[in-house]
Amino acid sequence: MTTRELLRGNVDMVLRIHRGGGLVISGTDSPPDNIAVSLHANLRSMVAGGFTRYEALTTATAIRRSG
């Protein structure tokens with residue numbers, strides 16, 4: 001299995017979690033990267049993987065309150 005295929009499977013899994021009501025939070029765990037560029041690339045990848053633009057944006061901006 002190629003890296004691209006593995007990544008596609010991971011994005012699909014996160015999309016199913018999100019659409020099933022799970023909490024998905026965008027971010028980067030690579031500190032040397034420029035945070036704004038990394039987050040933007042993350043959001044673009046999510047959209048390329050099937051998230052709507054709105055869904056991708058909410059992973060970086062929405063606040064959920066429990067209870």
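- When every heavy atom of Thr61 is checked against every heavy atom of Leu57, the shortest pair comes out as OG1-O, 2.9 Å.
- Using a cut-off of 4.0 Å between Lys/Arg side-chain N and Asp/Glu carboxylate O, Asp12 and Arg16 are scored as salt-bridged.
- Scanning all heavy atoms of the two residues, the minimum distance from Phe51 to Val14 falls at CZ-CG1, 3.8 Å.
- Note: the hydrophobic cluster containing Leu39 also contains Met46 (ILVMFWY, side chain heavy atoms under 4.5 Å, direct or indirect links).
- Residues Val24 and Ile17 meet the side-chain proximity criterion, which asks for heavy atoms closer than 4.5 Å.
- Rounding to the nearest 0.5 Å gives a distance of 6.5 Å between CG of Asn42 and OG1 of Thr59.
- Between Thr58 and His18 there is a side-chain heavy-atom pair separated by less than 4.5 Å.
- Hydrophobic clustering places Leu15 together with Met13 (ILVMFWY residues linked when any side-chain heavy atoms are closer than 4.5 Å, directly or through intermediates).
- Within a 6.0 Å radius of CZ in Arg53, other residues, nucleotides and ligands contribute 12 heavy atoms or fewer.
- Between Leu43 and Ala56, the shortest heavy-atom contact is CD2-O, 3.2 Å.
- Here the OG-CZ distance, from Ser45 to Arg8, works out to 12.0 Å after rounding to the nearest 0.5 Å.
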